[in-house]
Amino acid sequence: MRGYLPLLMNKEGHVLNAVLLSIGLGYILEPAGDETTFLKILEVGAPVVLGALFPDVDTAFGKHRKTLHNLPVLVGFIAFWLHFENLAWVWLGILTHYVLDVAGSKRGIALFYPVWKKEFGLPIGVTVSSERATMATALVTVAELALIALLVYRVPLSAVDMARQSVGL
Ligand SMILES: [Zn+2]
């Protein structure tokens, strides 16, 4: 029981992250809070959750936190998205999985695999079995949504404009 508990919690963490992220995205992209918001959450949520589950497939095929946890995989999915105009939300799910593994756990991931097998993580991470893992997951999700909201609403640009106007430029 104890043996697979951390892995189980890890999966739950990634699903929780993907679901919260999708709900936030739904409100950022369709802020009305009605049926259109709900449909956007559904549209975004399914592929983001699938993408967030994908990297840990390397527990079965390949080396965990290496084979499907690296930048070449991420770049490959961007190329797929740009070329076929498909899998954009799956790509975001994979990205958020990486972010959570790097920021939300101590172990980190092999970002430059297969060239460099070193696993990169942040010292602020908590071990996945810790009860603080859920809190870490929530914090990472909030940070991601804040960043996405900044990108979508272009807050930095309007802030620059406001500063410019206030000094009369
Ligand atoms: Zn992972």
Side-chain angles (χ1 to χ4, degrees), residues 1-26 28-29 40-84 86-152:
M1 186 71 192
R2 270 196 92 78
Y4 70 83
L5 197 59
L7 190 69
L8 187 75
M9 290 192 62
N10 197 17
K11 263 179 207 150
E12 283 174 356
H14 285 299
V15 171
L16 179 68
N17 169 242
V19 168
L20 293 178
L21 189 66
S22 303
I23 293 170
L25 264 171
I28 288 170
L29 299 172
K40 184 55 80 175
I41 292 170
L42 206 62
E43 179 195 341
V44 170
V48 168
V49 169
L50 288 176
L53 287 170
F54 173 70
D56 283 345
V57 166
D58 69 11
T59 52
F61 303 98
K63 292 193 169 76
H64 183 41
R65 292 207 175 220
K66 287 187 168 63
T67 309
L68 295 176
H69 286 72
N70 57 66
L71 294 176
V73 166
L74 206 57
V75 170
F77 271 88
I78 291 179
F80 195 98
W81 167 16
L82 293 178
H83 190 78
F84 298 111
N86 197 351
L87 300 184
W89 296 118
V90 172
W91 174 80
L92 186 70
I94 294 171
L95 178 66
T96 193
H97 184 114
Y98 287 13
V99 171
L100 198 60
D101 276 355
V102 169
S105 76
K106 272 198 178 112
R107 188 178 157 187
I109 61 175
L111 281 172
F112 302 99
Y113 190 83
V115 179
W116 192 8
K117 294 182 173 67
K118 184 179 161 55
E119 292 176 350
F120 294 88
L122 289 178
I124 56 160
V126 293
T127 52
V128 284
S129 54
S130 151
E131 63 251 26
R132 285 181 301 166
T134 304
M135 184 51 77
T137 302
L139 284 176
V140 167
T141 312
V142 168
E144 287 174 339
L145 282 170
L147 187 67
I148 292 170
L150 278 176
L151 289 172
V152 169

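Note: hydrogens, waters and symmetry copies are ignored here, and every other heavy atom, side chains too, is used. Order of appearance sets the numbers: ligands from 1, and atoms from 1 within every ligand.
By the 30° and 60° cut-offs, the orientation of the rings of Phe84 relative to Phe80 is tilted.
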Decide salt bridge (Lys or Arg N to Asp or Glu O under 4.0 Å) for Arg65 and Asp101; before the verdict, give the C-alpha distance in whole Å, the side-chain angles of both, and the deciding distance to 0.1 Å.
CA-CA 9 Å; Arg65 292 207 175 220; Asp101 276 355; 3.6 Å; yes
List the steps and the verdict of side-chain hydrogen bond (donor to acceptor under 3.5 Å, both in side chains) for Asn17 and Thr141.
CA-CA 6 Å; Asn17 169 242; Thr141 312; 2.9 Å; yes
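Using a 4.5 Å heavy-atom cutoff, the side chains of Val49 and His14 are not in contact.
Here Asp56 meets the criterion, with an N, O or S atom under 2.8 Å of the Zn ion (ligand 1). Distances from the Zn ion (ligand 1) show that His69 has an N/O/S atom below 2.8 Å. At least one N/O/S atom of His97, from backbone or side chain, sits under 2.8 Å from the Zn ion (ligand 1).
Considering just the N/O/S atoms of Asp101, the one nearest the Zn ion (ligand 1) carries the name OD2.
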